[in-house]
Peer 1: 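First, the structure itself, so that you have it in front of you.
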Amino acid sequence: MFEVILPDGNKIESEISENWLSFIKREIGESLARAAVAVSINDRLVDVTAEVESGNMSVITMKNPEGVAIMRHSASHIMADAVQKLFPGTKVTIGPSIENGFYYDFDSPHRFSVDDFEAIEKKMSEIVKGRYPFMRKVVTKEAAIELFTKMGENYKVEIIEDLGEPFVSLYYHGDFVDLCRGPHVPNTGFVKAFKLMSVAGAYWRGDENKSMLQRIYATAFPNKESLDEYLKMLEEAKERDHRKIGADLDLFAFSENVGGGLVLWTPNGGIVRTVIENFWRKQHVRNGYNLVFTPHIGRSLLWETSGHLGFYKDGMYNPMDIDGEDYYVKPMNCPFHVMLYKRKKWSYREFPFRWAELGTVYRYEKSGTLNGLKRVRGFTQDDAHLFCRLDQLEDEIKRVLDFSLFMLKSFEFESFKLFLSTRPKEYVGEIEVWNRAESALKDVLEASGLPWEIQEGDGAFYGPKIDINITDSIGRLWQLSTVQVDFNLPERFDISYTGEDGQEHRPIMLHRALLGSIERFFGVLIEHFKGAFPMWLAPVQVAVLPVSEKHIETADKLLQKLVATGIRVKLDDRNEKVGYKIREWSVQKVPYIVVIGDNEADLKTITVRKRGGEQETFATEDFLSKLNSENFNGVYY
RNA sequence: GCUACCGUGGCUCAGUCGGUAGAGCAGCUGAUUCGUAAUCAGCAGGUCGGGUGUUCGAGUCACCUCGGUAGCUCCA
């Protein structure tokens, strides 16, 4: 006797021993039975061919994310099957579903390349067309080891041995068999739309000391339409790639003569950065911060005390010898800010301190990890360190969070997700202080009303933290802001203040960055706006185009007015047709283009072409004041 | 750092089986003086990322190296 409770609360009783498929068909409906890819029973996913059991049950179809993941996992088996049929001698390892697709890692004498994809996809289609049922078989560990040993699948054998389970499950489809926990779709015909994406190396078990396997990335969707939609989104992301736009709009550059991961800011990128930084400084002063500056290098003693030389030496560049002393290029600004603190004795009355710096730091990143502006070796943190009393902590965190959201919103990021990382296994400081800090952070998160998640044990050893992620204009998540509590550095540098009681107390230190690094932030901004910066950030805000030579004088008058208003404007007096110039400035994504011809001879009114092509005629003075307000009166220029 | 792939004038790309490089755009010069996404003509520009080797001969093959790309590992 089975009692199956459906999601709507209905209870179905059944005496029949059968599999879920026939149960669903009889008790719920045939169409659902056809669509079912798996069954969730008591929050456990099983095959539709599994035996009916009692509990809370729901049918998983491709409409559920789990259903799609199961289908992708099945697709990875099909891909492994196809690859093994086409390339004998290929050994299989693992092939999970991942976000937006799946992969399978192979060990093969054959070097896979995109040229193989067509053949593999064709073979996969054949397997799909065969509608081979996925069949689960539970065998003993020994039997499985014997089977895979005979097949020469030593990676599978290794997995089974490490599992340490007496029984393992195998999945068959056609003549292919793989060790697998399941579940899988009922048959290969459920995989309807798939595409191989790329091939890359991956270490066996993610261990860089183990052998390198060949990973084939692929994706699969419930139908062709959603696959195409996904491929289109990838296209869109590619078009937005800040490296491409950065070159097209001449925003930044790299030079192999300078070195990998070292950014050259061009005049165009330089002005954007200047505007961002001026805005940043202004807002920091408004928000009760003091601006400080510290050197790029410091003596080894500083880094010994901070612990960087102990823990993060690999990320630091080799020291330079100055008068027989080792000096290091800074990978972080904090030790300098601590030294600013240590220059005198402080009273509890003086807290909190908020010291901010756009500090350029250098860190050794492995060459393979460098990526445009997103991952570089020299970058500028929009850093600040706060020193406060424990009783001020919550307030300060709240201020940072509010400030951070204000900054991000100013750059037209609208959607946020927050993460709280808590105490890891290895930590410094007292547990009560940790608890108090964590609960302060939690309270702030609760009060924010924004979506947040806890990442248990993910904090740094020196303190808990909050990270703020933004969603960009095509839905990608980027981590920008971070606030970290630090119990470690105050201890290491032995900093203190005199309390109300006349005793020395240890202050709490906070590290925080709002934009993260200016370089990375710029990269994210470029992709967010697809290079079409809002007017206040655009390198060139207005282009003035005289129709012919005789209009240059008038155009120049307008130019002078704009310059006087603090607008970044370019006069294009080249001997070219208007259409040609329009095209060039449009491609450069300039917010406003003004054509000056006979109609504008007196400059009373001008016709403005906005980005996107729309035209509007303004009284010149009105246009100037519109620009002025959009440009925040030029205060950030 | 590891694996795979890529590297031809400022940019995008062509270059067959190894026989000492070709186009468009950009640039320059000249003509044209023109109303909202490319006017016409001419000129100049590269020794093929760098190095070594194989060969009578290498952009084309091999090895090394630098840079980049996709991942893996890492990311205080």
Peer 1: Run the salt-bridge test on A:E357 and A:K330 with the 4.0 Å N-O cut-off and return the result as yes or no.
Peer 2: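 Yes, charged N to carboxylate O under 4.0 Å.
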Peer 1: Quick one: A:K577 NZ to B:A31 C1', roughly how many Å, whole number?
Peer 2: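 After rounding, the gap between these two atoms is 13 Å.
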Peer 1: For B:C2, take OP1 and OP2 only and decide whether either is under 4.0 Å from a side-chain N or O of A:N209.
Peer 2: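 Result: no.
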Peer 1: Going by the rule salt bridge (charged side-chain N to carboxylate O under 4.0 Å, His left out), which residues pair with A:R476 if we only count those two or more places apart in sequence or in a different chain?
Peer 2: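 Once residues adjacent in sequence are excluded, the partners of A:R476 under the salt bridge (charged side-chain N to carboxylate O under 4.0 Å, His left out) criterion are A:D472, A:E527.
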Peer 1: Which whole-number value in Å describes the distance from A:N599 CG to B:U36 P?
Peer 2: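 Rounding to the nearest Å, CG of A:N599 and P of B:U36 are 11 Å apart.
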Peer 1: Kindly indicate, with the supporting measurements, whether the criterion ring pair (Phe, Tyr, Trp, His ring centres under 6.0 Å) is fulfilled by A:W303 and A:F493.
Peer 2: CA-CA 11 Å; A:W303 308 106; A:F493 282 97; 9.1 Å; no
Peer 1: Look through every strand shown and name the nucleotide pairing with B:C63 as Watson-Crick or G-U wobble, where both distances are under 3.5 Å.
Peer 2: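 Pairing partner, where one exists within any strand: B:G51.
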Peer 1: Donor-acceptor pair, distance only, cut-off 3.5 Å: does the side chain of A:T90 make one with the backbone of A:Q84?
Peer 2: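 Absent.
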Peer 1: Centre of A:F387's six-membered ring, under 6.0 Å away, within 45 degrees of the axis: is that where NZ or CZ of A:R354 sits?
Peer 2: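 Cation-pi check for A:R354 and A:F387: fails.
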Peer 1: Can I get a per-line list of side-chain donor-acceptor pairs under 3.5 Å for residues 599-609 of chain A, giving both atom names and the distance, sequence neighbours left out?
Peer 2:
unit_1 : atom_1 : unit_2 : atom_2 : d
A:E600 : OE1    : A:G597 : N      : 2.8
A:D602 : OD1    : A:K604 : N      : 3.1
A:T607 : OG1    : A:T617 : OG1    : 3.1

Peer 1: For B:A58, give its Watson-Crick or G-U wobble partner with both distances under 3.5 Å, or none.
Peer 2: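 Base-paired to nothing in any strand shown.
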Peer 1: With a cut-off of 3.5 Å and sequence neighbours excluded, list every side-chain donor-acceptor pair involving residues 309-320 of chain A.
Peer 2:
unit_1 : atom_1 : unit_2 : atom_2 : d
A:Y317 : OH     : A:R363 : O      : 2.9

Peer 1: Name the pairs: protein N/O against N/O of nucleotides 23-28 of chain B, kept only if under 3.5 Å.
Peer 2:
unit_1 : atom_1 : unit_2 : atom_2 : d
B:A26  : OP1    : A:Y580 : OH     : 3.0

Peer 1: Does A:F623 have any ring pair (Phe, Tyr, Trp, His ring centres under 6.0 Å) partners at least two apart in sequence or in another chain, and if so, which?
Peer 2: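 By the ring pair (Phe, Tyr, Trp, His ring centres under 6.0 Å) rule, A:F623 matches A:Y592, A:F618.
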Peer 1: In whole angstroms, how far is the P atom of B:A70 from the CG atom of A:L196?
Peer 2: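 So the CG-P distance, A:L196 to B:A70, works out to 19 Å.
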Peer 1: If the condition is ring pair (Phe, Tyr, Trp, His ring centres under 6.0 Å), which residues does A:F87 pass it with, not counting sequence neighbours?
Peer 2: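 Ring pair (Phe, Tyr, Trp, His ring centres under 6.0 Å) check on A:F87 returns A:H110, A:F112.
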Peer 1: Provide, to the nearest angstrom, the distance between the CG atom belonging to A:L213 and the P atom belonging to B:G71.
Peer 2: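 Computing the A:L213:CG to B:G71:P distance gives 18 Å.
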Peer 1: Nearest-Å distance, NE2 (A:H551) to C1' (B:C34)?
Peer 2: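 The answer, rounded to whole Å, is 9 Å.
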Peer 1: Given atom CG of A:D572 and atom C1' of B:A38, what is their separation to the nearest angstrom?
Peer 2: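 Distance, rounded to whole Å: 13 Å.
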Peer 1: Using whole Å, what does the distance between atom P of nucleotide B:G71 and atom CG of A:L370 come to?
Peer 2: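 The distance from CG of A:L370 to P of B:G71 comes to 15 Å, rounded to the nearest Å.
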Peer 1: Find every protein N or O atom lying less than 3.5 Å from an N or O atom of nucleotides 73-76 of chain B, and list the pairs.
Peer 2:
unit_1 : atom_1 : unit_2 : atom_2 : d
B:U73  : O2'    : A:E208 : OE2    : 2.9
B:C74  : O2     : A:R375 : NH2    : 2.8
B:C74  : N3     : A:R375 : NH1    : 3.4
B:C75  : O2     : A:R375 : NH1    : 3.3
B:C75  : O2     : A:R375 : NH2    : 3.2
B:A76  : O3'    : A:Y462 : OH     : 2.7

Peer 1: Using the side-chain contact (heavy atoms from CB on, under 4.5 Å) criterion, which residues pair with A:I98? Sequence neighbours excluded.
Peer 2: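 Result, side-chain contact (heavy atoms from CB on, under 4.5 Å) vs A:I98: A:Y103, A:Y217.
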Peer 1: Let me know, please, whether A:S367 or A:R215 comes out on the 5' side of the other along RNA chain B by nearest nucleotide.
Peer 2: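 Nearer the 5' end of the strand: A:S367.
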Peer 1: Run the ring pair (Phe, Tyr, Trp, His ring centres under 6.0 Å) test against A:F521 and tell me which residues pass, sequence neighbours left out.
Peer 2: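 Residues passing ring pair (Phe, Tyr, Trp, His ring centres under 6.0 Å) with A:F521: A:F411.
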Peer 1: For residues 540-556 of chain A, which side-chain donor-acceptor pairs fall under 3.5 Å, sequence neighbours excluded?
Peer 2:
unit_1 : atom_1 : unit_2 : atom_2 : d
A:Q541 : OE1    : A:R568 : N      : 2.8
A:Q541 : NE2    : A:M535 : O      : 2.9
A:Q541 : NE2    : A:N631 : OD1    : 2.8
A:S548 : OG     : A:H551 : ND1    : 3.3
A:H551 : ND1    : A:S548 : N      : 3.1
A:H551 : NE2    : A:D598 : N      : 3.3
A:H551 : NE2    : A:D598 : OD1    : 2.7

Peer 1: Near RNA chain B, under 4.0 Å by heavy atom, which residues of residues 606-617 of chain A?
Peer 2: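 Residues of residues 606-617 of chain A that come under 4.0 Å of RNA chain B are, in numerical order, A:T607, A:R609, A:Q615.
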Peer 1: Decide if the gap between the ring center of A:W355 and the ring center of A:H385 is smaller than 6.0 angstrom.
Peer 2: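 No, the ring centres sit 6.0 Å or more apart.
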Peer 1: Hey, what's the ring geometry for A:Y230 with A:F221, parallel, tilted or perpendicular (30° and 60° as the breaks)?
Peer 2: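 Tilted.
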Peer 1: From the list B:C34, B:A70, B:A37, which nucleotide is the closest neighbour of the side chain of A:V578?
Peer 2: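 Of the candidates, B:C34 comes closest.
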Peer 1: Please tabulate the protein-to-nucleotide N/O contacts below 3.5 Å involving nucleotides 4-13 of chain B, giving atom names and distances.
Peer 2:
none

Peer 1: Provide the Watson-Crick or G-U wobble partner of B:U20, both distances under 3.5 Å; none if there is no partner.
Peer 2: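 Base partner found: none.
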Peer 1: Under 4.0 Å, heavy atoms only, any strand: does A:K550 hit a base, just the sugar-phosphate, or nothing?
Peer 2: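 Touches sugar-phosphate only.
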Peer 1: If B:C72 has a Watson-Crick or G-U wobble mate with both distances under 3.5 Å, name it; if not, just say none.
Peer 2: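 Pair assignment: B:C72 / B:G1.
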Peer 1: Could you let me know what B:G42 is paired to, Watson-Crick or G-U wobble, both distances under 3.5 Å, or none if it's on its own?
Peer 2: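 B:G42 is paired with B:C28.
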Peer 1: Could you tell me if the ring centre of A:W204 sits under 6.0 Å from that of A:F106?
Peer 2: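 Judged by ring-centre distance (under 6.0 Å), A:W204 and A:F106 do not meet the cut-off.
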